[in-house]
> 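I am attaching a structure below and will ask some questions about it afterwards.
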Amino acid sequence: MPLQRSNTADKFIVDRRKPHRNSDVARAVRKTRDRLSQQAGNPDFDRELLKLHARSMTSGAIAIPLLILAIAAAGRLAGVGNEIGLWALFTLTCYTIVAFMARRIDRTEASDLNPLQTRREFLIGHFLCGLGWAWFVWLGCGACRIDQFQLVKAVVLLFAMAATAVMTSSLGGALLATFAVPVALYAYVGFKLWMPIEVIMAGLLVVSLPFFAYVARHLNRSSLMMLSFRSEKDALIAELETAKSMSDEARRRAEDANLAKSRFLASMSHELRTPLNAILGFSEVMSNEVLGPMSNPTYRDYAHDVHESGQHLLDLINEILDLSRIEAGRYQLNEEPVMLLSIAEDCCHMMELKARNKDIRVVQDFEHELPRLFADERAVRQITLNLLSNAIKFTATGGEIRVRVGWTAGGGQYISIKDNGPGIPEDEIPIVLSAFGQGSIAIKSAEQGTGLGLPIVQGLLAMHGGEFELHSKLREGTEAIAIFPLSRVMEELPALPTAAVAARRR
């Protein structure tokens, strides 16, 4: 039968085995990811996209004005006249208005923005800038020393369109609002003159406008994905902070509960043991008739029952305190070299009378010459006694218990106690291994016990770095195995030479 371990969480405030919270969190995160991963038409990021556009226009506010000033200076040198200065002044004014608008929106909180109104204001500003570029297209230069003035204007428009497509990618429709009129006007002028170079450049501009619009759209989708990832990251961070706060609160409650439990056990230990010592002492004196015979034998039997009940209560208190110290990590191991064979043999002798009263045969199957273990003798003895006591308790009259001590496959040592009792149902093994857990057979039995023996065994073995295995099959018996690791096995030292051997060597 496979290894069975206790997986109950009755000693924790927060049950980490329950997957409901993790599934809820995963479902919420997946739903948020699906909602945020929409690349277009997502109204949740309109304000963020407007803020991103305003930041882009603010940071790149000097680029296009420098281009305009360079064009104006080159036009003056080429002899265009004062009209190009007026054009530069008008266009710079339009871009300045857009820059101030972007600066104002960048300083405004996203929650205070009206997306429709802000988008409309931006598009109107870009349209005014487009009127400036349309004026540039309409400019003529009869006295210029440049033969291909229309070609130069087309190249300038291409540069301006490329820069605008990159800067205004966060605002859909900004590129078309800026350059739809200039490109249409240039195409009209080019086809009106019907010069080959002007027609070619007009066609190039007409084709370039949707191409740059396509590029701007892809940049817009990239910005939207970036915002979605940032929002998802913020949501995950918020979830982690919530989980951390819940964990801190659960830890604080667990610490408070543990402190209260420790104080309660310390107080109740003193309050219960003090009268119990008197009860045990006086009842033992009365049952043994130390101060003289009792005339009524029934009273002697009552005193004996009182002594046994008090001893049972004292054992229960000691087991609860031991389990509490183990769980709190306050159980101190007094480690020393011990012989597992000797401890197992002593425990068998101690439980022999109890087994003989139920006509149970205890068979010892020990491997000889086992080295010592570096362990706590009291803990090892308690482990063995608890397992032997359980085996005797649940084995029927005339049964057999086999106690084995030997090597494990990994080089450690083990003690195995196997009985031919009624066994434990497979679904009840986790209950039996939990604190105060009892199976259906134990509940029906007259000797119910406290349900703390096996949890104490698990805790003591865990403190030694060992393992506990419980194999059982219904109506065939149960085998409990306590395994001590290889690190606990001490190597044998060579014997010291005697005086005769030393003299012979000399």
> Mark yes or no for whether Asn334, through its side chain, and Asp376, through its backbone, hold a donor-acceptor pair below 3.5 Å.
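Flag not set: sc Asn334 to bb Asp376 has no pair under 3.5 Å.
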> Search all heavy atoms of Trp407 against all heavy atoms of Gly411 and return the closest pair with its distance.
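It is CZ3-O, 3.4 Å.
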> For the backbone of Gly172 and the side chain of Arg119, can you confirm whether one donor and one acceptor N or O come within less than 3.5 Å of each other?
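Such a contact is found between Arg119 side chain and Gly172 backbone.
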> Start with the C-alpha gap between Glu109 and Lys51, add the side-chain angles, then the distance that decides, and say whether side chain to side chain contact (heavy atoms under 4.5 Å, CB included) holds.
CA-CA 9 Å; Glu109 292 292 335; Lys51 294 278 289 185; over 6 Å; no
> Testing the 3.5 Å rule here: is there a donor-acceptor pair between the side chains of Ser472 and Glu479?
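There is no such pair (donor and acceptor under 3.5 Å, judged by atom type) between the side chains of Ser472 and Glu479.
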> For side chain to side chain contact (heavy atoms under 4.5 Å, CB included), just list the numbers for Phe394 and Thr478, CA-CA rounded to whole Å, side-chain angles, deciding distance to a tenth of an Å, and then say yes or no.
CA-CA 10 Å; Phe394 297 109; Thr478 302; over 6 Å; no
> Should the pair Glu336-Arg378 be classified as a salt bridge under the 4.0 Å nitrogen-to-oxygen rule?
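No, this pair does not count.
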> Kindly indicate, with the supporting measurements, whether the criterion side chain to side chain contact (heavy atoms under 4.5 Å, CB included) is fulfilled by Thr168 and Phe122.
CA-CA 10 Å; Thr168 63; Phe122 266 130; over 6 Å; no
> Would you say Leu240 and Lys244 make side-chain contact, with heavy atoms under 4.5 Å?
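Side-chain contact under 4.5 Å: no.
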> Which pair of heavy atoms, one from Tyr186 and one from Leu151, lies closest together, and at what distance?
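Reported closest heavy-atom pair: OH-N, 4.2 Å.
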> Would you say CG of Asp427 has more than 12 non-hydrogen atoms from neighbouring residues, nucleotides or ligands within 6.0 angstrom?
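Enclosed: over 12 neighbouring heavy atoms sit under 6.0 Å from CG of Asp427.
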> Using atom types as modelled and distance alone, determine if a side-chain donor or acceptor of Ser59 lies under 3.5 Å from a backbone N or O of Arg55.
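Looks like yes, one N/O pair under 3.5 Å.
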> Inspect the contact between Arg252 and Asp248 and indicate whether a charged nitrogen and a carboxylate oxygen are less than 4.0 angstrom apart.
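A salt bridge is absent here (no side-chain N lies under 4.0 Å from a carboxylate O).
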> Do the ring planes of Phe484 and His464 sit parallel (below 30°), tilted (30 to 60°) or perpendicular (above 60°)?
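Taking His464 first and then Phe484, their aromatic rings stand perpendicular (interplane angle over 60°).
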> Main chain of Trp135, side chain of Trp87: is a donor-acceptor contact present, judged purely on distance under 3.5 Å?
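Checking the backbone N and O of Trp135 against the side chain of Trp87, no donor-acceptor pair under 3.5 Å is found.
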> Measuring from atom NZ of Lys153 to atom CG of Leu205, what distance do you get when rounded to the nearest 0.5 angstrom?
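So the NZ of Lys153 and the CG of Leu205 are separated by 11.0 Å.
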> Taking Thr178 for its side chain and Ala174 for its backbone only, find out whether a donor-acceptor pair lies under 3.5 Å.
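Yes, Thr178 side chain to Ala174 backbone: donor-acceptor pair under 3.5 Å.
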> Distance-only, no hydrogens or angles: does the Arg47 side chain make a donor-acceptor pair with backbone N or O of Leu113 under 3.5 Å?
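Yes.
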> Would a 4.5 Å heavy-atom cut-off, applied to side chains only, mark Met161 and Ser208 as touching?
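Yes, at least one pair of side-chain atoms sits under 4.5 Å.
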> Give the minimum heavy-atom separation between Thr58 and Arg103, together with the two atoms involved.
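What the structure gives for the nearest pair is OG1-N, 3.7 Å.
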> Would you give the length of the straight line joining atom OG of Ser169 to atom CZ of Arg221, rounded to the nearest 0.5 angstrom?
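CZ of Arg221 is found 13.0 Å from OG of Ser169.
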> First locate atom CD1 of Ile456, then atom CG of Leu385, and finally report the distance between them rounded to the nearest 0.5 Å.
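Taking CD1 in Ile456 and CG in Leu385, the distance rounds to 12.0 Å.
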> Taking side chain as C-beta onward, heavy atoms only, is Thr384 less than 4.5 Å from Ile415?
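The answer is yes, as the side chains (C-beta and beyond) meet within the 4.5 Å cut-off.
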> Find out whether Leu185 and Trp138 are in side-chain contact, i.e. whether some heavy atom of one side chain is under 4.5 Å from a heavy atom of the other.
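The answer is yes, as the side chains (C-beta and beyond) meet within the 4.5 Å cut-off.
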> Between the side chain of Asn386 and the main-chain N/O of Val457, is any donor-acceptor distance below 3.5 Å?
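Checked: no pair found.
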> What's the separation between atom CD1 in Ile64 and atom SG in Cys94, rounded to the nearest 0.5 Å?
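Reported value, rounded in 0.5 Å steps: 12.0 Å.
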> Tell me whether Ser245 contacts the main-chain N or O of Thr242 through its side chain, where contact means a donor paired with an acceptor under 3.5 Å.
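Pair found, side chain donor or acceptor close to backbone of Thr242.
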> Which is it for Leu49 and Leu171 under the side chain to side chain contact (heavy atoms under 4.5 Å, CB included) test, yes or no, and what are the steps along the way?
CA-CA 7 Å; Leu49 287 174; Leu171 182 64; over 6 Å; no
> Which pair of heavy atoms, one from Ala480 and one from Leu470, lies closest together, and at what distance?
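Minimum heavy-atom contact is CB-CD1, 4.0 Å.
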> Counting C-beta onward and ignoring hydrogens, is there a side-chain heavy-atom pair between Leu461 and Glu467 closer than 4.5 Å?
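They are not in side-chain contact.
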> Evaluate the side-chain proximity of Phe100 to Ile105: yes if any heavy-atom separation is below 4.5 Å, no if none is.
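Side chain of Ile105 against side chain of Phe100, heavy atoms only: no contact under 4.5 Å found.
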> Between Lys473 and Ile424, is there a donor-acceptor pair closer than 3.5 Å when you use the side chain of the first and the backbone of the second?
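Checked: no pair found.
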> Does any part of the side chain of Pro425, heavy atoms only, come nearer than 4.5 Å to the side chain of Glu428, both counted from C-beta?
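A side-chain contact exists here, since the closest heavy-atom pair is under 4.5 Å.
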> Can a donor-acceptor pair be found, under 3.5 Å and without considering hydrogens, that links the side chain of Arg488 to the backbone of Leu373?
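No.
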> Taking atom CD of Gln413 and atom CD1 of Ile483, what is their separation to the nearest 0.5 Å?
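Separation between the atoms: 12.0 Å.
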> Whether Arg104 and Glu121 form a salt bridge (side-chain N of Lys/Arg under 4.0 Å from carboxylate O of Asp/Glu) is what I want to check.
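Yes.
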> Which value, rounded to the nearest 0.5 Å, describes the distance between Met57 atom CE and Tyr95 atom OH?
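One finds 7.0 Å between CE of Met57 and OH of Tyr95.
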> Taking everything shown except Phe374 itself, do over 12 heavy atoms lie less than 6.0 Å from its CZ?
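Atom CZ in Phe374 is crowded, with more than 12 foreign heavy atoms closer than 6.0 Å.
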> Taking all heavy atoms of Phe212 and all of Ala165, pick out the closest pair and write down the distance.
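Phe212 and Ala165 have their closest heavy atoms at O-CB, 3.9 Å.
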> Considering all heavy atoms of both residues, which atom of Ala379 and which atom of Leu333 are nearest to each other, and what is their separation?
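Reported closest heavy-atom pair: CB-CD2, 4.5 Å.
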